[in-house]
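Below is one structure, written out as structure tokens; comments come after it.
Residue numbers begin at 1 in each chain, while the letters A, B, ... track the order of the sequences.
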Protein chains: 2
Amino acid sequence: MNERSVTLRDVAKRAGVHPATASRALNEETRARGLVNSDTVARVMQAARELNYSPDPVARSLKTRRSHTVGVLIPDLTNPLFPPIIRGIEDRLAQSGYVALLGNTDNDPDREKLVLSGMRTRRVDGLVLATARRRYSVLSELNMGDLPIVLVNRVVEDRALPSVATDDAAGIAMAVTHLVSLGHTRIAHVAGPQELSTGAGRLSGFIMAMEAAGLEVGSESITYAENFSVAAGTKCCRELVAHKLHPTAIVAGNDMLAIGCYQALEESGLKCPADVSVVGFNDISFSSRLSPPLTSVRFPHYQVGIEVAQLILERIQAPTAPTKVLFLPPELVVRGSTAKVATP
Amino acid sequence: MNERSVTLRDVAKRAGVHPATASRALNEETRARGLVNSDTVARVMQAARELNYSPDPVARSLKTRRSHTVGVLIPDLTNPLFPPIIRGIEDRLAQSGYVALLGNTDNDPDREKLVLSGMRTRRVDGLVLATARRRYSVLSELNMGDLPIVLVNRVVEDRALPSVATDDAAGIAMAVTHLVSLGHTRIAHVAGPQELSTGAGRLSGFIMAMEAAGLEVGSESITYAENFSVAAGTKCCRELVAHKLHPTAIVAGNDMLAIGCYQALEESGLKCPADVSVVGFNDISFSSRLSPPLTSVRFPHYQVGIEVAQLILERIQAPTAPTKVLFLPPELVVRGSTAKVATP
DNA sequence: CAGATTTCTACAAACGATTGCTATGATTGC
DNA sequence: GCAATCATAGCAATCGTTTGTAGAAATCTG
């Protein structure tokens, strides 16, 4: 019943060897280095199997200083962007015997510091940050300089940290091109927070794409959201429609902002897409079920998670490996929220 | 820079005491038992503060056999029902210095076994299960009988395990009553998987509520979904509309199934809510943004998470405490997917 | 004031693994 | 045939805590 959990000593005793030998026999690397006879290896493994031995990760961690754990910091799990990414991360980590420790920061620097220091004392082997501001000070403050780090969906300004993200500019360009092909010329942008890399990247992508299309982009065609929320989107969109430039299309910084636009348009009696087309970014689940179904820039969330985990594992193995910055291609999913511009 | 992490020995040395004394001085309980002089307590705590000491949880776990970690098993993080629950759990756990270890099972018993045994070797102090079938064998199989367990959103048949959930029957009853008050009499049910407690509880709630309303519920007014997915909902709804009983309202086992109904209705050229009203369950985020906005039974997800964490913490403290079964009240959110029955 | 009792603190042994070093045969070279 | 080399396995220390026990002060008791 309450079988006292079987330890390495038990295995060793059963195999008739010293615990140290048993340890080496069960350890891939030392075995490979030929430090132990293949006969005894077989005997030990047999014993381990018979006893259904599994090593105590706690004891192991204490000695090896590795927890086989990586901390994953996100603003808020409730944001539908993150669950698929997290699943990707966890699935890939599990393959290598690692687990993820989640931490929600709610975009609050204090909370972020708290969570981070908690992760440090829990001795995570690496850190995945989906919360990075463009300039990142928290890390150095907390003296976790030696910890492997990978960013998700965010890039720091100087690209000094490895990261996985989609090409924001390319995605926005696809949106703009799509709108232009529908005949739109008065295209506005609801920009996300500029201290976040996505917010800034998408704004500059918007400007570049507009210029490439030969369209003017004045200051009145851009509004800045305080954060990536529905409410902020509504607020911004209200400004846009109130202004004299009557945009026929809006490129939102993400889907939340786009949904906010829906609401503001409704309030002002404008129809989407008949009067104003709207494009989002992220293609969160259920965006196809919105009314109207949202045209959005999609990128492979789950795959991003996989790649992130891959990267952090690599860096844990070889902390000094070159700093990879990986971009996954975006894709425009055209749905009902964009339409040909109404002939005036 | 690379300050060798400060250990208990350092603190002890600085305070001029033996490490054991330092340990006791820093430990709430032993201190309370008066095992150490209050002077030395002060001195040790001072030293600890000066050195910015934080105990190594790994070493501590090794000795105390407690990991300050609880495993949380869910079918799929991607299901929008779970993120708010998880946040509740994590937030409450964090308050007590615990962390959650997530595990996705995809409703696959094998995967479930795998994840569970992983959690056991990681020495979780407790288990939160959102995946429980009505009869639960996996646990005994894995010989984790002594581990504290709490169920979320699921109840086992004999209520032998503590759990937190909403009152499924009451929620469904609210839905049925609402529909009846709108004049509906031909009300059908898309039932979830019957091996899950929610599936079964909502079905029996449906039957009871219908009888209470004096309405017949024949076998043709119930279809069974294989799982809680949009696709399964579509399939079931197709059957319902194809059948001779032409229901004017459908109570779906959850929101996913309800969305599936939307799709099937659309296919058959039926309008919701003009021709058929639909009610969901869970009120996942964005259900208000669906087309039409979904009427759904809501319960406080985040709060459920809080309560669950509370319960598992209690049980970790006192494993033999009485088995609480907590029900949180549901609430009907009426939106655009339900309407008065069309006069025939 | 001697002895019994109470308070505290130090010692040392765990917890379960890993790992540098040493010891033992066996093997080889000359 | 003896020294040097090599392949294995054992010994013991260690990671950073916690905790049972022993012993030294300090306090109390009669």
What is the distance, to the nearest angstrom, from the CG atom on B:L62 to the P atom on D:dT17? 12 Å

Heavy atoms of other groups near A:R111 CZ, more than 12 under 6.0 Å: yes

Within the structure provided, determine whether A:T105 and A:I74 are in side-chain contact (heavy-atom separation under 4.5 Å). no

d(A:T69 OG1, A:M119 CE) to nearest 0.5 Å is 9.5 Å

How is A:T40 classified with respect to the nucleic acid when contacts are heavy atoms under 4.0 Å: base, sugar-phosphate, or nothing? sugar-phosphate

Give A:V58 one of three labels, base, sugar-phosphate or nothing, depending on what nucleic acid heavy atoms sit under 4.0 Å from its own. nothing

To the nearest angstrom, the NZ-P distance between B:K13 and C:dA10 comes to 14 Å

Just wondering, do A:T78 and B:Y302 contact through their side chains at under 4.5 Å, heavy atoms? no

Could you state the atom-to-atom distance from CG of A:L35 to P of D:dA7 in whole Å? 10 Å

Send over the distance from B:R66 CZ to C:dC15 P, rounded to a whole Å. 18 Å

Across nucleotides 17-22 of chain C, 5' to 3', mark each nucleotide with B, S or - according to how protein heavy atoms within less than 4.0 Å reach it. SBBB--

Measuring only between side-chain heavy atoms, which start at C-beta, is A:Y98 closer than 4.5 Å to A:I316? yes

Side-chain touch A:T21/A:H18, heavy atoms, less than 4.5 angstrom: yes

Please report the distance, rounded to the nearest Å, between CG in A:D10 and C1' in C:dC15. 14 Å

Separation of A:N37 atom CG from C:dT24 atom C1', in whole Å? 15 Å

Send over the distance from B:D39 CG to C:dT9 C1', rounded to a whole Å. 13 Å

Give the rounded distance in Å between these two atoms: CG of B:L26 and P of D:dT19. 13 Å

